[in-house]
Amino acid sequence: MRFSFDFARMEALLRSFGEMSSIRCSLTDNTGRVYCASREISPFCARIKSSEVGRSRCKQCNAEVIARSGRAGSDCIICRCHAGLLKAVVPVRQEQETLAFLLLGQVTGEGDRDKQWRQVRTQLGFLEQPDALHADFCALSSVTSAELEAAAHILEACAASVWMAGMLKNAAMSDSMLLHHYITEHYAEPLSLPGIARALSMSKTKLCSLAAAEDTTVLAMINGKRVEEAGRLLRQRGCSVAEAADQVGVHDHNYFTKIFKAYMGETPRDYQKRAQKDRAAKR
């Protein structure tokens, strides 16, 4: 099922929730396709999704908990994801029909962080260098059981307000909006025109025509999103250029520098140095 959203209002609502709780919340359909989210995925989850096996496990995990929620008919299900993080799913309903889902996650539980890492570490054997995720794991927000329950109640209120405010209608979403939101959600993954076409049930010709209507190409849309997110990483997290490139899905670092300079007018290293100087000047 596809939906039509007032994306500006819906994203504002979810981002306010994210700022208040430091927890990522996303609105998805029953296949797990994300329409909008409170914030970008965490660096920890981005690294997992940079692996083909990790992407597959995340997709399967979301599909299973969404299916479970739809069958259970409950207001909220709280569980752990395949990587050991806490997550919750809240169905969005109109009368008895489940139309969409709010997913809350990418947080750790309460308790000793080192002990939790050791438990999570045992589930990351599919990664070549699982210990490289330790720092990103430690940077995740932690919640108590009471806080997670409270967050679930807030999500339930958000789900109700979706219909009360008329933000979500059981109608067709435009193909252009689908393309933009698919790229926003999957930019860090290996993307190809045939793959996007299959995911969105559109022809390659249709995708190219959608991009052409905006005087661009699908590849340029993908690269633009990747450069945008890489710039944010270089500014806010202070990570290396190579790390930023990997986290946005460009593993050829020379190519990353080339497209970054084409969009930003300077190399990623120069961009980062300038951002650091600007930040220092404001102190």
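Computed over heavy atoms, backbone and side chain alike; hydrogens, waters and symmetry mates excluded.
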For a 4.5 angstrom cut-off between non-hydrogen side-chain atoms, does [X] reach [Y]?
| X | Y | result |
| --- | --- | --- |
| N223 | V250 | no |
| T257 | P268 | yes |
| M221 | H180 | yes |
| R198 | P194 | yes |
| L127 | R47 | no |
| P190 | R55 | yes |

Would you compute the distance between atom [atom1] of [X] and atom [atom2] of [Y] and round it to the nearest 0.5 angstrom?
| X | Y | atom1 | atom2 | answer |
| --- | --- | --- | --- | --- |
| L124 | Q129 | CG | CD | 12.5 Å |
| T184 | M177 | OG1 | CE | 11.0 Å |
| E147 | S142 | CD | OG | 7.5 Å |
| N254 | I259 | CG | CD1 | 12.0 Å |
| D252 | D246 | CG | CG | 10.5 Å |
| I23 | K87 | CD1 | NZ | 14.0 Å |

Begin with the C-alpha distance, continue with both residues' side-chain angles, and end with the deciding distance and a verdict on side-chain contact (heavy atoms from CB on, under 4.5 Å) for I222 and I196. CA-CA 11 Å; I222 295 169; I196 297 173; 3.9 Å; yes
Check whether [X] and [Y] end up in the same hydrophobic cluster, where Ile, Leu, Val, Met, Phe, Trp and Tyr are linked by side-chain heavy atoms less than 4.5 Å apart.
| X | Y | result |
| --- | --- | --- |
| F44 | L233 | no |
| Y271 | Y255 | yes |
| V53 | I41 | no |
| L102 | V143 | yes |
| L85 | I78 | no |

One pair to check against side-chain contact (heavy atoms from CB on, under 4.5 Å): E40 and E229. What are the steps and the verdict? CA-CA 9 Å; E40 301 301 331; E229 293 305 317; 3.5 Å; yes
Keeping the roles fixed (side chain from [X], backbone from [Y]), state whether a donor-acceptor pair exists under 3.5 Å.
| X | Y | value |
| --- | --- | --- |
| Q106 | S42 | yes |
| Q119 | G84 | no |
| R226 | Y187 | yes |

Got more than 12 heavy atoms from elsewhere within 6.0 Å of CD, E110?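 It does: E110 CD has more than 12 such atoms within range.
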Heavy-atom count around R274 CZ within 6.0 Å, excluding the residue itself: above 12?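 More than 12 heavy atoms, drawn from other residues, nucleotides or ligands, come within 6.0 Å of this atom.
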Residue pair [X] / [Y]: nearest heavy atoms and the distance that separates them:
| X | Y | value |
| --- | --- | --- |
| L179 | L200 | CA-CD1, 3.9 Å |
| C61 | C81 | SG-CA, 3.5 Å |
| A275 | R235 | CB-CG, 4.0 Å |
| L14 | C25 | CD2-SG, 3.8 Å |
| A37 | R24 | CB-NH2, 3.4 Å |
| A83 | I48 | CB-CD1, 3.7 Å |

Just by distance, no angles: are the side chains of S176 and E214 close enough, under 3.5 Å, to form a donor-acceptor pair?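 Note: S176 and E214 side chains meet the donor-acceptor criterion.
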Under 4.0 Å between a side-chain nitrogen and a carboxylate oxygen: does that hold for E228 and R232?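 Looking at E228 and R232, the cut-off is not met.
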Geometric cation-pi criterion, R113 with F137: 6.0 Å, 45°: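 Flagged: R113 positioned over aromatic ring of F137.
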Does the pair H134 and C138 meet the rule for a side-chain contact (heavy atoms from CB on, under 4.5 Å), with working shown? CA-CA 6 Å; H134 180 249; C138 291; 3.6 Å; yes
State which residue, out of V65, I77, V90, T28, fulfils the side-chain contact (heavy atoms from CB on, under 4.5 Å) condition with F101.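 Testing F101 for a side-chain contact (heavy atoms from CB on, under 4.5 Å) against V65, I77, V90, T28 leaves exactly one candidate, T28.
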Please lay out, stage by stage, how W117 and D131 fare under the test side-chain contact (heavy atoms from CB on, under 4.5 Å). CA-CA 10 Å; W117 166 248; D131 290 326; 4.0 Å; yes
